[in-house]
Amino acid sequence: MTGWNVGDMPGLDGRVAVVTGANSGLGYVVARELARKGACVVLACRSEARGRDAVERLLGEVPDAAVEVARLDLGELASVREFAYGLPYERVDLLVNNAGVMALPHGTTSDGFETQFGVNHLGHFALTGLLLPTLLATPGARVVTVSSFLHALANVDPRDLNNVRRYGRWTAYARSKSANLLFTHELARRLAARDGASDVRAVAAHPGYAETNLQTAGPRAEGRRVAERMMRLATRVVAQPAESGALPVLYAATAPGVPADSFTGPSFAMWRGAPAPSWRAPWTTDDAMGERLWAASERLTGVTYEALEA
């Protein structure tokens, strides 16, 4: 894995990839590089207008890319269902659960879930479950869920999944990112236990500290202009470019031999550098906690993974 970069990606001709939050930042880079290798890429974006702008920009960089945009609002379960049911492909080789929000002031999704938990975890849980039959029918399919090294700040609290007792923006973010890893762990475990052979692989990745618009979204939403400027400056000075932050995600998505339930991140202190196996908090591989989160997620979203029972 040492020194791995986009030049090491295999050809992806004939493959179909879905990338959430692909209109900017890491998602855009991931979508662009998958398309550059020949995949047909669906940019799943909350704003169709921004998604169309991203497609135009991407085609300027990769003129022969096969890309399209479709609306997906992960904070609205009806939108998740509409996207999944409307996807016009008989195969999905790669689902990259990338979209997310970070350290926002307290708010709720249209379905009443705390925003960070609802968007970062529940939306992707529902999307993956709805696409699972297609994934299972696609040889070698992968589900890549993007977490963060900041998951280590807090574990999921099964008694307070919606963070209603005492809201802290960073604690809520960390819990949602721990939920991403617990979801990956439990999905990998259930895939391995499924009756009948399945080579769908559930893996996770994180970008380290990468320069995206996530860092400034929270201060901007609260009108904290000084905090927004300071975060923008710190990001510019310390963070690695989005192109570098996307490498662990691309590695997890395309490199041969990536183990199920693995967590890939930057090699240097989980901060920056080439893709490498990343440390994860022990609670993110807790089977009992994974089962509890899974059961709660099915109940809250109404999406059940019946295909895993077959």
Side-chain angles (χ1 to χ4, degrees), residues 16-25 27 31 41-55 67-92 94-102 104-137 141 143-146 156 161-164 167 172-173 175-177 179-180 182-184 186-187 202 214 217 221 293-309:
V16 175
V18 174
V19 183
T20 69
N23 58 280
S24 65
V41 184
V42 179
L43 283 67
C45 306
R46 185 166 60 90
S47 166
E48 284 189 271
R50 287 195 291 270
R52 288 192 295 268
D53 290 343
V55 167
V67 291
E68 62 180 277
V69 64
R71 182 180 181 272
L72 171 65
D73 185 346
L74 290 161
E76 181 184 320
L77 290 175
S79 172
V80 176
R81 290 182 182 276
E82 184 178 356
F83 173 87
Y85 294 150
L87 200 64
Y89 297 100
E90 296 182 354
R91 64 184 297 146
V92 173
L94 183 58
L95 171 60
V96 182
N97 292 324
N98 161 78
V101 292
M102 184 173 78
L104 296 179
H106 184 269
T108 57
T109 68
S110 64
D111 301 289
F113 307 126
E114 185 273 311
T115 302
Q116 298 192 78
F117 179 67
V119 171
N120 295 353
H121 169 63
L122 289 178
H124 282 127
F125 178 91
L127 177 65
T128 305
L130 292 168
L131 293 181
L132 187 62
T134 307
L135 289 160
L136 287 169
V143 178
V144 182
T145 299
V146 180
V156 171
L161 291 175
N162 269 314
N163 298 291
V164 297
Y167 183 77
Y173 177 70
R175 286 175 173 173
S176 74
K177 295 289 102 178
N180 289 153
L182 269 171
F183 165 59
T184 298
E186 186 65 12
L187 178 57
L214 272 182
L293 178 64
W294 189 280
S297 300
E298 287 192 328
R299 174 174 52 82
L300 292 170
T301 64
V303 175
T304 56
Y305 281 57
E306 294 178 2
L308 291 182
E309 307 297 326

Stepwise side-chain contact (heavy atoms from CB on, under 4.5 Å) test for V101 and N120 | CA-CA 7 Å; V101 292; N120 295 353; 3.7 Å; yes
Would you mind reporting whether L308 and L187 have side-chain heavy atoms less than 4.5 Å apart?
-> yes
Given side chains that start at C-beta, do those of D53 and N23 come closer than 4.5 Å, heavy atoms only?
-> no
Evaluation steps, side-chain hydrogen bond (donor to acceptor under 3.5 Å, both in side chains), between T145 and H124 | CA-CA 8 Å; T145 299; H124 282 127; over 6 Å; no
Look at the rings of F183 and Y305 and say which category their plane angle falls in: under 30° parallel, 30 to 60° tilted, over 60° perpendicular.
-> perpendicular
Taking side chain as C-beta onward, heavy atoms only, is R81 less than 4.5 Å from L130?
-> yes
Could you check if a side-chain atom of L161 sits within less than 4.5 angstrom of a side-chain atom of V156, using non-hydrogen atoms only?
-> yes
Applying side-chain contact (heavy atoms from CB on, under 4.5 Å), run through H121 and S297 and close with a yes or a no.
-> CA-CA 9 Å; H121 169 63; S297 300; 2.8 Å; yes
In Å and rounded to the nearest 0.5 Å, what is the OH to CG distance from Y85 to L131?
-> 10.0 Å
Heavy-atom donor-acceptor pair, D73 side chain to R46 backbone, under 3.5 Å | no
Is the backbone of A78 close enough, under 3.5 Å, to the side chain of E76 for a donor and an acceptor to pair up by distance?
-> no
Gap between atom CG of N97 and atom OG1 of T184 - 0.5 Å precision | 8.0 Å
Should Y89 and V18 be marked as a side-chain contact (heavy atoms from CB on, under 4.5 Å) after you check the CA-CA gap, both sets of side-chain angles, and the distance that decides it?
-> CA-CA 11 Å; Y89 297 100; V18 174; over 6 Å; no
Report yes if the side chains of F125 and L293 come closer than 4.5 Å at any heavy-atom pair, otherwise no.
-> no
Sort out for me which residue in L300, V119, N163 forms a side chain to side chain contact (heavy atoms under 4.5 Å, CB included) with F113.
-> L300
Nearest-0.5 Å distance, CG of residue L122 to CG of residue L77 = 7.5 Å
